[in-house]
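Structure record follows, encoded as structure tokens.
Residue numbering restarts at 1 for every chain, and letters A, B, ... go by the order of the sequence lines.
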2 protein chains.
Amino acid sequence: MVNNDNNQSVNPSKNFVLPFILLLLSRVSLHGYELSQKLQAFGFKSIDQGNLYRLLRKLEADELVSSEWDTTGNGPAKRKYSITKAGITYLKGYANQLETYQAMLDQFFSMYSSLLELYIPSFSTRDSIEKKRSEKRRNDDGKKE
Amino acid sequence: MVNNDNNQSVNPSKNFVLPFILLLLSRVSLHGYELSQKLQAFGFKSIDQGNLYRLLRKLEADELVSSEWDTTGNGPAKRKYSITKAGITYLKGYANQLETYQAMLDQFFSMYSSLLELYIPSFSTRDSIEKKRSEKRRNDDGKKE
DNA sequence: CTCTATATGTGTAAAATACATATAGTTGGA
DNA sequence: TCCAACTATATGTATTTTACACATATAGAG
């Protein structure tokens, strides 16, 4: 059922990996094990193989993705997953939720940074990370204009 | 026990509200119901009253916060919570985790935006929000320099 | 017969959530 | 003054979901 209601709370932990899967599939069709690799690149360290395949089957049952067998190439047939129109709609909805969540994190770190600056002596690690982030933002902005 | 190990995964859902509580208390001591209100302002829509007080008691048992009775003012005595040194340390650790998470969200939206631009016709809402965010970032960066 | 790839069963612990109930002091009105 | 309503904190309990882990199964390709 994958949570098709509108009661998504501010906490995105209900299948957090799901929007990333849909996002990846929205760009290009992928097999299960390819997805597993891409998700690791996203920062998901340990995706259980069995649970990933199970989730994909559920997504297909919910018609958020579709699949067809890919018999080209070596080895056994691979199930190639693609996103559906409903999947894109769902992805959009999930993205809106994540946006709220991202805003909360921004707010958190805004307060957190000033806290460190004011009250806590040694915060070099956090400071350097925040600096990197600012630089990345400038680059991102630059690309857009 | 509040999760004092180092096995925090990339998914921050284990008591997501907790770092926000610690952050709020790191600035000023607060009563339970004040916290409840501030958390709502942060974006937490529904904090169960009983569970919040229960969490605060647990945080005190774990010595991440301390409390004393505040008998000034009207109404019954209020328990005034303050963060402890261990609480600040814990907050720092949690902030590092949230940072990883924030980076994932940034990556997500970076891909998501370009996806919308390339493949999906009407995305004005999302676009305007992303524009606002970019502007905010520029302002934030400006303040730092 | 081993490797790759997909698939499903099962169990457990933690987490999220909800609702009920309890205690006790404060306040305002009949 | 008594009582009801309100504020504030506190704890019990139940349910469902989530996360995670591990085992096992099928089946084609080489």
Rounded to whole angstrom units, what separation is found between the CG atom of Leu52(B) and the P atom of dT7(D)?
17 Å
Between Phe109(A) and Gln102(B), is there a side-chain heavy-atom distance shorter than 4.5 Å?
yes
Between the base of dA7(C) and the side chain of Gln49(A), is there any donor-acceptor pair under 3.5 Å?
yes
On DNA chain D, nearest-nucleotide positions of Asn51(B) versus Ala77(A): which is more 5'?
Asn51(B)
Is any side-chain heavy atom of Ile21(A) closer than 4.5 Å to a side-chain heavy atom of Leu56(A)?
yes
Rounded to whole Å, the CZ-C1' distance (Phe16(B) to dT17(C)) equals 17 Å
Just how far, in rounded Å, is C1' of dT17(C) from OH of Tyr53(B)?
18 Å
Side-chain N,O (Arg54(A)) to OP1/OP2 (dT8(C)) below 4.0 Å:
no
So, the side chain of Gln40(B) versus the backbone of Gln37(B): is there a donor-acceptor pair under 3.5 Å, distance only?
no
If you only use heavy atoms from C-beta on, which nucleotide in dA29(D), dT26(C), dT8(C) is closest to the side chain of Pro76(B)?
dT26(C)
Separation of atom CD in Glu34(A) from atom P in dA5(C), rounded to whole Å
9 Å
On the nucleotide dA8(D), are OP1 or OP2 found under 4.0 Å from the side-chain N or O atoms that Arg79(B) carries?
no
Tell me the interatomic distance from Asn15(A), atom CG, to dA15(C), atom P, rounded to whole angstroms.
17 Å
Can you check whether Tyr101(A) and Phe16(B) have ring centres sitting under 6.0 Å from each other?
yes
Across the strands shown, which category fits Tyr33(A) at heavy-atom distances under 4.0 angstrom: base, sugar-phosphate, nothing?
sugar-phosphate
Could you tell me how far apart Leu55(A) (CG) and dT18(D) (P) are, to the nearest whole angstrom?
11 Å
Do Gln49(A) and Arg54(A) make a side-chain contact, defined as non-hydrogen atoms from C-beta onward lying under 4.5 Å apart?
no
Length of the line joining Lys78(B):NZ and dA10(D):P, which is rounded to integer Å
13 Å
Return the 5'-most residue of the pair Gly75(A), Asp48(A) with respect to DNA chain D, ranking by each residue's nearest nucleotide.
Asp48(A)
Just how far, in rounded Å, is P of dA5(C) from NZ of Lys80(A)?
16 Å
